[in-house]
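Take a look at the structure set out below.
Along the sequence shown, the residues carry numbers beginning at 1.
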Amino acid sequence: MTNETISVEQELRTVLDQWATAIAEHRPADVAALFTENALFQGFDPTPGFGRDYINAYYAKQPIGLRAEYELLSTREIAPDVVAGYARVLFVRPDGNVTVHLTVIAQRGRSGWALSHYHVSRI
């Protein structure tokens, strides 16, 4: 593993840590701000959505007390300033826990790293 690979992985962990903290503190606008303007987002809803407004609304309807505990299983730099990540996530919900796998793509833009693709799978 090169130093650059480690750095990219750490950048992704930083974004995911901020994502988990914003979810736990029920700050949907802050969660949405971690995504690109045109991010593709596939959460638990049956259809995907696009962009920060969709993501903000998605997290606003989540229950107070929701937490996301993730374990980053794999990262891969797929282009300069673009990294794919694969994680196991435990969503701790007031009505019961849900374990999923999460695939994300993060890219570095003018304001830093942001998620441009987010896909949750219960498989």
Side-chain angles (χ1 to χ4, degrees):
M1 188 177 294
T2 67
N3 285 343
E4 188 168 317
T5 301
I6 293 169
S7 176
V8 168
E9 180 178 324
Q10 186 55 49
E11 296 290 353
L12 181 57
R13 285 184 188 280
T14 298
V15 173
L16 291 175
D17 288 347
Q18 292 171 336
W19 166 78
T21 298
I23 289 172
E25 296 175 358
H26 197 68
R27 295 183 284 120
D30 290 340
V31 176
L34 296 169
F35 289 78
T36 61
E37 289 285 343
N38 63 350
L40 183 152
F41 183 91
Q42 176 66 66
F44 289 111
D45 288 347
T47 58
F50 297 90
R52 290 179 179 158
D53 288 344
Y54 177 87
I55 295 164
N56 185 14
Y58 178 88
Y59 282 102
K61 69 182 180 184
Q62 300 305 315
I64 303 291
L66 175 67
R67 291 191 340 258
E69 300 172 0
Y70 77 90
E71 176 187 4
L72 193 56
L73 301 174
S74 175
T75 60
R76 180 174 301 160
E77 187 169 7
I78 54 178
D81 297 328
V82 181
V83 62
Y86 182 66
R88 181 178 15 251
V89 180
L90 173 64
F91 286 104
V92 179
R93 302 173 53 95
D95 59 348
N97 298 345
V98 179
T99 301
V100 299
H101 286 97
L102 171 66
T103 301
V104 294
I105 296 176
Q107 60 188 67
R108 186 179 358 221
R110 284 186 233 151
S111 59
W113 287 90
L115 301 174
S116 62
H117 179 97
Y118 175 105
H119 183 204
V120 166
S121 171
R122 291 186 183 209
I123 299 175

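When all heavy atoms of P94 and P63 are compared, the closest pair comes out as CD-CG, 3.9 Å. Nearest heavy atom pair, residue F50 against residue Y54, reads O-CB, 3.5 Å. For the pair A39 and I55, the tightest heavy-atom approach, listed with the atom from each and the gap, is CB-CD1, 4.1 Å.
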>> N56 vs V31, test: side chain to side chain contact (heavy atoms under 4.5 Å, CB included). Steps then yes/no.
In response: CA-CA 7 Å; N56 185 14; V31 176; over 6 Å; no
>> Would V120 and Q42 count as a side chain to side chain contact (heavy atoms under 4.5 Å, CB included) here? Give the steps.
In response: CA-CA 6 Å; V120 166; Q42 176 66 66; 5.9 Å; no
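Tracing side-chain contacts under 4.5 Å through hydrophobic residues (I, L, V, M, F, W, Y), one reaches L34 starting from L66; they form part of the same cluster. In the hydrophobic clustering of this structure, V100 groups with L115; members are Ile, Leu, Val, Met, Phe, Trp, Tyr whose side-chain heavy atoms approach within less than 4.5 Å, directly or through other members. V98 and V104 fall within a single hydrophobic cluster, where Ile, Leu, Val, Met, Phe, Trp and Tyr side chains are chained together by heavy-atom contacts under 4.5 Å.
With side-chain heavy atoms closer than 4.5 Å counting as contact, directly or through intermediates, I64 stands alone and belongs to no larger hydrophobic cluster.
Every residue meeting the side chain to side chain contact (heavy atoms under 4.5 Å, CB included) condition with R13, not counting sequence neighbours, appears here in chain and number order: E9, Q10, Y70, L72.
Using a 30° and 60° split on the angle between ring planes, Y86 and H101 fall in the parallel class, below 30°. Ring planes of Y118 and F41: parallel class, angle under 30° (limits at 30 and 60°).
For the pair I23 and Y59, the minimum side-chain heavy-atom distance is below 4.5 Å. No side-chain heavy atom of W113 sits under 4.5 Å from any side-chain heavy atom of L12. Within the 4.5 Å cutoff, the side chain of I105 has heavy atoms near those of the V82 side chain. By the 4.5 Å heavy-atom criterion applied to side chains, T14 and W19 are not counted as neighbours. Here the side chains of V83 and R76 are not in contact, with every heavy-atom distance at 4.5 Å or above. Here the side chains of V92 and L90 are in contact, with some heavy-atom distance below 4.5 Å.
Sorted by first and then second residue, the salt bridge (charged side-chain N to carboxylate O under 4.0 Å, His left out) pairs involving residues 79-90 (not counting sequence neighbours) are E71-R88, D81-R108. Contacts classified as salt bridge (charged side-chain N to carboxylate O under 4.0 Å, His left out) and involving residues 92-106 (residues at least two apart or in different chains) are given here: R93-D95. Within the structure, salt bridge (charged side-chain N to carboxylate O under 4.0 Å, His left out) pairs that include any residue of residues 111-123 do not occur (at least two apart or interchain). For residues 14-43, every residue pair satisfying the salt bridge (charged side-chain N to carboxylate O under 4.0 Å, His left out) rule, not counting sequence neighbours, is listed here: E25-R27, R27-D30, E37-R52.
Going from atom CG of L102 over to atom NE2 of H119 covers 9.5 Å, rounded to the nearest 0.5 Å. Atom CD in Q107 sits 12.0 Å away from atom NE2 in H117 (nearest 0.5 Å). With values rounded to the nearest 0.5 angstrom, N38 atom CG is found 7.5 Å from S116 atom OG.
In this structure, a donor-acceptor pair under 3.5 Å is absent between the side chains of D53 and Y58.
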